Amino acid sequence: MGFMAGPLCPSAACGAGGLGPGESVGGPAMKLIQSVKRRMGNESDKSKGASARADSGSNRAGAASKAAPADNKKKGAPDDHPFGGMPSLREAPVTERAALFQRKLQACSRTYDFNRTDCMKEKESKRQTLLEIVEYVNNTRNCFNETVMQDVVSMVSANIFRTLPPVHKNPNALFDAEEDEPPLEAGWPHLQIVYEFFLRFVVSNDVDPKVAKRFIDPVFVLKLLDLFDSEDPRERDYLKTILHRVYGKFMALRQFIRKAIQQLFFKIIYECDSHNGIAELLEILGSIINGFALPLREEHKLFLQTSLIPLHKVRTLNAFHQQLAYCMAQYAEKDPRLAPEIIQGTLRLWPMTNTPKEVLFLNEVEEILELTQPPEFLKVQHSLFTRISKCIMSPHFQVAERVLFLWNNDYIVKLINSNRQVLFPIVIGALYKNSKHHWNTTVHGLTYNVLKLLMEADASLFDECSAKHRDSANQETADDEERKRKWEKVASMYKDKTGKEPPKVPGAAPPRS
């Protein structure tokens with residue numbers, strides 16, 4: 001089944017249909033509505049009868065409860081403690097283990113609040129039961145039949161699908177994984193074992209994808225993607241591995257998973273601007289992109305253009321840039337003709353006031369240039385090196401230092417020297433200004449090294465560009481002097497006419513006394 005690029009809808013993902021083209025309410029749809037109403041009426045009649053029977057049954061149950069011995073509460077009823085009355089899977093007869101395994105799965109669907117200190121015995125019993133079923137599936141062949149699959153997915157859904165706590169963060173603060181301790185999930189003692197069990201279920205050879213896809217459906221995938229916003233990195237790591245395995249095993253869900261991730265990226269780019277699981281999702285995509293067949297389908301190119309390149313403008317780029325740059329490099333390696341589009345997209349989103357982000361962009365540009373073929377380089381050389389010349393003159397020493405390190409890359413130097421007639425005039429002026437005016441001594445040394453490399457590559461062209469730069473600098477000086485002279489003349493005329501000092505203009509030379 002195909003999926004549109006529009007917003008994902010659980011009902012649409014499940015195959016819920018509406019009126020077809022040309023259908024009206026008076027046709028087959030009206031018959032369907034009438035049949036549903038009749039069914040609802042029958043169910044309401046049944047419910048009335050059931051409630052009456054329940055009233056009489058409750059009276060009998062009340063009388064029976066009075067006669068029951070009081071020590072039943074001490075033993076613990078099965079509803080209160082569902083794990084106490086079941087024997088160990090290892091000790092049970094072989095013929096009864098499958099049914100017992102199913103009962104234990106159903107019992108583990110009960111969840112507990114780890115923010116409270118009650119039910120400690122039940123929590124520990126459930127943890128031991130979860131460990132037991134993990135050991136059972138490790139040592140048992142053919143333990144996942146169709147009936148058990150329903151219980152597996154129900155148990156996993158009951159435990160992992162939950163409302164994530166709200167994130168209380170300063171929107172302007174940058175998260176540093178090495179210094180900041182992320183909030184950890186209180187229920188991890190159970191969640192970890194559930195994730196481990198579900199991972200073994202997904203990778204098991206006993207699980208037939210054609211059967212399991214009835215339970216691991218698009219709605220399940222959407223709920224799984226929602227959990228990627230968890231603040232606990234341990235949970236996100238399990239989710240990353242599980243979703244990757246689901247993508248590899250369930251062929252019918254592959255396009256849906258890509259579309260769902262794309263929709264999530266759209267939300268991050270254009271709405272919320274923050275998400276905890278972008279890095280993990282990009283790791284999955286990096287592996288997926290690596291497996292794309294050539295030539296690339298138009299759908300995959302659109303994913304690059306509309307989702308991955310715009311992610312560069314997200315405020316929290318530093319948290320996932322390494323994974324994003326890897327995806328960009330994978331596209332450029334798969335199809336070198338995409339390299340100019342990636343570079344142009346990066347230039348469009350180039351940060352103007354965020355110097356750490358600018359250093360990240362320069363790192364990525366170098367990686368893409370290493371994968372760019374000479375014919376493709378011609379398409380972006382002028383716009384790219386115009387930006388590079390501005391970075392050379394950056395007052396921030398890390399930006400200037402990083403861009404000058406490009407000349408340490410032999411392949412990039414080869415591309416520059418092959419197109420020196422165009423590129424030397426762009427960068428030589430910036431290098432000369434750096435050598436005279438930049439405050440950082442390291443940048444000074446790197447600038448002189450680059451000037452030396454350019455001079456050795458083509459001395460005559462270097463001298464020609466240097467002469468043009470000197471002429472241009474002299475012309476700028478002359479224009480500046482002329483501007484000052486004109487201002488002094490205007491200021492003098494104003495003073496003669498009004499007898500007052502002229503108003504000060506920012507950047508203008510003061511009038512002579």
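Excluded from the calculations below are hydrogen atoms, water molecules and symmetry mates; all remaining heavy atoms, backbone and side chain alike, are included. The structure presented is a predicted model; accordingly, all values stated were derived computationally and were not measured.
The side chain to side chain contact (heavy atoms under 4.5 Å, CB included) search around Pro209 returns Lys249, Phe250, not counting sequence neighbours. Here His469 pairs with nothing under the side-chain hydrogen bond (donor to acceptor under 3.5 Å, both in side chains) rule; sequence neighbours left out. The side-chain hydrogen bond (donor to acceptor under 3.5 Å, both in side chains) search around Arg127 returns Glu124, not counting sequence neighbours. Under the rule for a salt bridge (charged side-chain N to carboxylate O under 4.0 Å, His left out), the partners of Arg483 that lie at least two apart in sequence or sit in another chain are Asp480. Remark: Arg348 engages Gln344 in a side chain to side chain contact (heavy atoms under 4.5 Å, CB included) (not counting sequence neighbours). When the side-chain hydrogen bond (donor to acceptor under 3.5 Å, both in side chains) test is applied to Ser472, no partner is found at least two apart in sequence or on another chain. Under the side chain to side chain contact (heavy atoms under 4.5 Å, CB included) criterion, Tyr411 pairs with Pro374, Asn409, Leu415, sequence neighbours left out. Contacts of Arg387 classified as salt bridge (charged side-chain N to carboxylate O under 4.0 Å, His left out), with partners at least two apart in sequence or in another chain: none. Applying the side chain to side chain contact (heavy atoms under 4.5 Å, CB included) rule to Gln322 yields no partners; only residues at least two apart in sequence or on another chain are considered.
Looking at Arg234 and Asp232, a side-chain N of the basic residue comes within less than 4.0 Å of a carboxylate O on the acidic one, giving a salt bridge. Electrostatic pairing of Glu481 and Arg485 does not count as a salt bridge here, judged by no charged N lying under 4.0 Å from a carboxylate O. Taking a cutoff of 4.0 Å between a charged side-chain nitrogen and a carboxylate oxygen, Glu482 and Lys489 do not qualify as a salt bridge. Using a cutoff of 4.0 Å between basic side-chain nitrogens and carboxylate oxygens, Lys484 and Glu488 are not scored as salt-bridged.
Geometrically, Lys123 engages Phe114 in a cation-pi contact, judged by NZ or CZ lying under 6.0 Å from the ring centre and within 45° of the ring axis.
Note that CD1 of Ile342 and CE of Met328 are 5.5 Å apart. Values are rounded to the nearest 0.5 Å. Atom-to-atom distance recorded for Asn434:CG and Met393:CE is 8.0 Å, nearest 0.5 angstrom. Interatomic distance, Tyr331 OH to Leu338 CG, rounded to the nearest 0.5 Å: 8.0 Å. One finds the CG atom of Leu227 at 6.0 Å from the CZ atom of Arg162 (value rounded to the nearest 0.5 Å). Atom CG in Leu362 sits 11.0 Å away from atom OG1 in Thr355 (nearest 0.5 Å).
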Exercise. Does the salt bridge (charged side-chain N to carboxylate O under 4.0 Å, His left out) test come out yes or no for Asp335 and Arg337, once each step is laid out?
Worked result: CA-CA 5 Å; Asp335 188 353; Arg337 293 173 297 180; 3.0 Å; yes

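Using cut-offs of 30° and 60° on the angle between ring planes, the pair His300 and Phe292 is parallel. The aromatic rings of Phe303 and Phe265 lie tilted to each other, with the angle between the two planes from 30° to 60°. Aromatic ring pairs are classed by plane angle as parallel below 30°, tilted from 30° to 60° and perpendicular above 60°; the pair Trp188 and Tyr195 is tilted. Taking the six-membered ring where the residue is Trp, Phe198 and Phe201 present parallel rings, their angle staying beneath 30° rather than reaching 60°.
Between the Asn440 side chain and the Phe397 main chain, no donor and acceptor come within less than 3.5 Å of each other. In this structure, the side chain of Ser383 engages the main chain of Val380 through a donor-acceptor pair within 3.5 Å. A donor-acceptor pair under 3.5 Å is absent between the side-chain atoms of His438 and the main chain of His444, judged by distance alone.
Pairs engaging residues 274-295 under the salt bridge (Lys or Arg N to Asp or Glu O under 4.0 Å) rule: Arg236-Glu280, Lys240-Glu283 [sequence neighbours left out]. Pairs passing the salt bridge (Lys or Arg N to Asp or Glu O under 4.0 Å) check and including a residue from residues 349-371, sequence neighbours excluded, read Glu366-Arg402. A side-chain hydrogen bond (donor to acceptor under 3.5 Å, both in side chains) check over residues 371-381, counting only residues at least two apart or in different chains, returns the pairs Glu376-Lys379.
Looking only at side-chain heavy atoms (C-beta outward), Val152 and Phe197 come within less than 4.5 Å of each other. The closest side-chain heavy-atom distance from Leu225 to Leu243 is below 4.5 Å.
Side-chain rings of His275 and Phe228 stay apart, their centers remaining 6.0 Å or farther from each other.
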